[in-house]
Student: 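I'd like to ask some things about the structure below.
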2 protein chains.
Amino acid sequence: MPTTALKLQTTDRVRGIAAALEEEIVLGWLMPRERLVEEDLAERLEVKRHVVREALAELERVGLIERVPNRGAFVKLLDPTEVRQIYSVREALETLAAEQIPMPAPARLLSQLEEIQGAHSAAVASGDARAAFRANMSFHEALFAACGNPHLVELIQAMAQKVHGARSITAASAEHLALARDEHLGMIEAIRAGDRPRLVALCRQHLGPSRDAYIAAVEPRFARSKSVGG
Amino acid sequence: MPTTALKLQTTDRVRGIAAALEEEIVLGWLMPRERLVEEDLAERLEVKRHVVREALAELERVGLIERVPNRGAFVKLLDPTEVRQIYSVREALETLAAEQIPMPAPARLLSQLEEIQGAHSAAVASGDARAAFRANMSFHEALFAACGNPHLVELIQAMAQKVHGARSITAASAEHLALARDEHLGMIEAIRAGDRPRLVALCRQHLGPSRDAYIAAVEPRFARSKSVGG
DNA sequence: GTCGCCATGATTGTCAACAATTCTGTTGAA
DNA sequence: TTCAACAGAATTGTTGACAATCATGGCGAC
């Protein structure tokens, strides 16, 4: 039996590797267009190549990377049009979910959100981007799970995942993290006050910054490449 | 070089196998709870086991089958609660898409839908369940693609896929197929007339029958198993 | 007669070697 | 100098064998 990690089931290991790669993409360690070489990843993540292979297949299905036959996998570079479309769908889905959250909300939900947000705020304060990312994910999952429809939640998460590749810009930015924290706190307050319109408005607002930051950063590059002929 | 089929890229082959299995599930050849043995499938579909493995992973992701480690894959049996939740999300998504279809619709769209519906009607008339299923898929894809947001379309298709396992009841029923045909024709008419409310209403209506048929067929079984203790 | 334990078989999970493909750098000629 | 062809390296795709795991059925103990 290994000392540090106990043996996981294969499916879980694949999920774990996929999640690890996803984090590296979100945090900007793996940049768009960067090539993902199976054997290198296998060595770095201390796992066999075929496990990496499966993880890459999963990330491809999710839409975070692209794979071309016999040429390998690349972190997908999202073009602004795509990002806009995805965010438009996210807005619809998250609004839909927010409108179904029971009001007044059960005390259980509030305390759960507060606990998660405590972790998030701490991560933001200490500048731990990875911890902030994870806490952020937990927050949204817990929030939307309250809508009562797990399949809707799944969709929301899937769409969020799709633009993870576009989040490296904001994921490590102190200002954006602080803004996200404040908006989370606002959502908790809105739920506590039973103010659904405010909650919905906050959810919608919450999506804007990372979308706009990415588009602002990438749009000119795309506009140029399009006119030049890429 | 093989005589019948030329060599495909691996990714396409996986997709093909997954699609084939999906059809078999929809058409009721593979029943819920039925076990899917990798080696058997590999032999039957004339591919190597590891291709089947990837296809199963894809179907698991989509939600059509379940896999438990070291025990294999099973066709997922959807419980009525789940089906209701999925259909509720489908209704929201398809309504959203239908509301974004440009009106008046381009002539291109109408002729495309009419062509597809021609194939669908023919399949219904001749009782070819498989062809009807395929034409039905095409129809909805073409219809919702007109909303202009490919990511929304993808979501709609994903949710439709999730309940494919619940469709074997209606997929081969002459009455249901005829009803679907008539509703499709109604949608085309609504689009031609530029009558958006009618189109939206028809889309919503269109979801009902297969959901209700499945729930009616399965609900008592679940109610019993729940009270007995499953 | 029933319960629990172990041997056996069926199936999934893991692996490393091999084959096929694409990329890179070099050479030689126009 | 530029271009094309070629050889070699790097990387992905494929395969069959092997190991680990779980269900099944028989055997003995109580």
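To find a chain, count down the sequence lines: A is the first, B the second, and so on, and within it residues start at 1. No experiment lies behind these values; they were computed from the predicted model shown.
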Student: Using the 3.5 Å cut-off, write out each protein N or O paired with an N or O of nucleotides 16-19 of chain C and the distance between them.
Tutor:
| from | atom 1 | to | atom 2 | distance (Å) |
| --- | --- | --- | --- | --- |
| C/dA16 | OP2 | A/Lys48 | NZ | 3.3 |

Student: With sequence neighbours left out, write down each residue that passes side-chain contact (heavy atoms from CB on, under 4.5 Å) with B/Ala216, or none if nothing qualifies.
Tutor: none
Student: Quick one: which protein N/O atoms are closer than 3.5 Å to N/O atoms of nucleotides 5-9 of chain D? Pair and distance per line, please.
Tutor:
none

Student: Report the stems of DNA chain C as range-with-range entries sorted by first number; a stem here is at least three consecutive pairs, Watson-Crick or G-U wobble, both distances under 3.5 Å, and write none if there are none.
Tutor: C:1-30 with D:1-30
Student: Any donor-acceptor pair under 3.5 Å linking the side-chain atoms of A/Tyr214 with those of A/Thr170?
Tutor: no
Student: Atom CD1 of B/Ile86 and atom CG of A/Leu152: how far apart are they, to the nearest 0.5 Å?
Tutor: 11.5 Å
Student: Quick test of your reading: applying ring pair (Phe, Tyr, Trp, His ring centres under 6.0 Å), list the pairs with at least one residue in residues 156-178 of chain A, sequence neighbours left out, ordered by first then second residue.
Tutor: A/Phe133-A/His164
Student: Quick one, which residues of residues 37-46 of chain B touch DNA chain D with a heavy atom under 4.0 Å?
Tutor: none
Student: Using a 3.5 Å distance criterion without hydrogens, assess whether the side chain of A/Thr95 forms a donor-acceptor pair with backbone atoms of A/Glu91.
Tutor: yes
Student: Rounded to whole angstrom units, what separation is found between the CD atom of A/Glu54 and the P atom of C/dT12?
Tutor: 14 Å
Student: Take the protein atom CZ of A/Phe74 and the nucleotide atom C1' of D/dT12, then report the distance between them rounded to whole Å.
Tutor: 11 Å
Student: To the nearest 0.5 angstrom, please state how far the CZ atom of A/Phe144 sits from the CG atom of A/Leu96.
Tutor: 10.5 Å
Student: Looking at the side chain of A/Arg13, which of C/dG13, C/dT14, D/dG13 is the nearest nucleotide?
Tutor: C/dT14
Student: Using side-chain contact (heavy atoms from CB on, under 4.5 Å), reason through B/His151 and A/Met159 one step at a time and then give a plain yes or no.
Tutor: CA-CA 9 Å; B/His151 292 278; A/Met159 291 309 273; 3.9 Å; yes
Student: Could you state the CG-C1' distance from A/Asn70 to D/dT14, rounded to the nearest angstrom?
Tutor: 11 Å
Student: Rounded to whole Å, please give me the gap between CZ in B/Arg53 and C1' in D/dT14.
Tutor: 15 Å
Student: Rounded to the nearest 0.5 Å, what separates atom NE2 in B/His120 from atom CE in B/Met137?
Tutor: 12.0 Å
Student: When rounded to the nearest 0.5 angstrom, what is the spacing between CD in B/Glu154 and CG in B/Asn149?
Tutor: 10.0 Å
Student: Heavy atoms under 4.0 Å, any strand shown: does B/Leu56 hit a base, just sugar-phosphate, or nothing?
Tutor: nothing
Student: Polar atoms only, N or O, under 3.5 Å: list the protein pairs with nucleotides 5-8 of chain C and their distances.
Tutor:
none

Student: For B/Arg61, enumerate each residue passing the salt bridge (charged side-chain N to carboxylate O under 4.0 Å, His left out) test, keeping only those at least two apart in sequence or located in another chain.
Tutor: none
Student: With sequence neighbours excluded, what pairs up with B/Glu23 under the salt bridge (charged side-chain N to carboxylate O under 4.0 Å, His left out) test?
Tutor: B/Arg130, B/Arg134
Student: How would you list, by chain and number, every residue that makes a side-chain contact (heavy atoms from CB on, under 4.5 Å) with B/Ala131, sequence neighbours excluded?
Tutor: B/Ala123, B/Asp128
Student: To the nearest Å, give me how far apart CZ (B/Arg35) and C1' (D/dT24) are.
Tutor: 12 Å
Student: Going from CD1 on B/Ile17 to CG on B/Leu41, what distance comes out if it is rounded to the nearest 0.5 angstrom?
Tutor: 9.0 Å
Student: According to a strict under-4.0 Å criterion, is A/Arg67 in side-chain N/O contact with OP1 or OP2 of D/dG13?
Tutor: yes
Student: Between B/His206 and B/His184, do the side chains contain an N or O donor and an N or O acceptor separated by less than 3.5 Å?
Tutor: yes
Student: By salt bridge (charged side-chain N to carboxylate O under 4.0 Å, His left out), which residues pair with B/Glu39, not counting sequence neighbours?
Tutor: none
Student: Not counting sequence neighbours, which residues clear side chain to side chain donor-acceptor pair (under 3.5 Å) with A/Ser121? List them please.
Tutor: A/Gln117
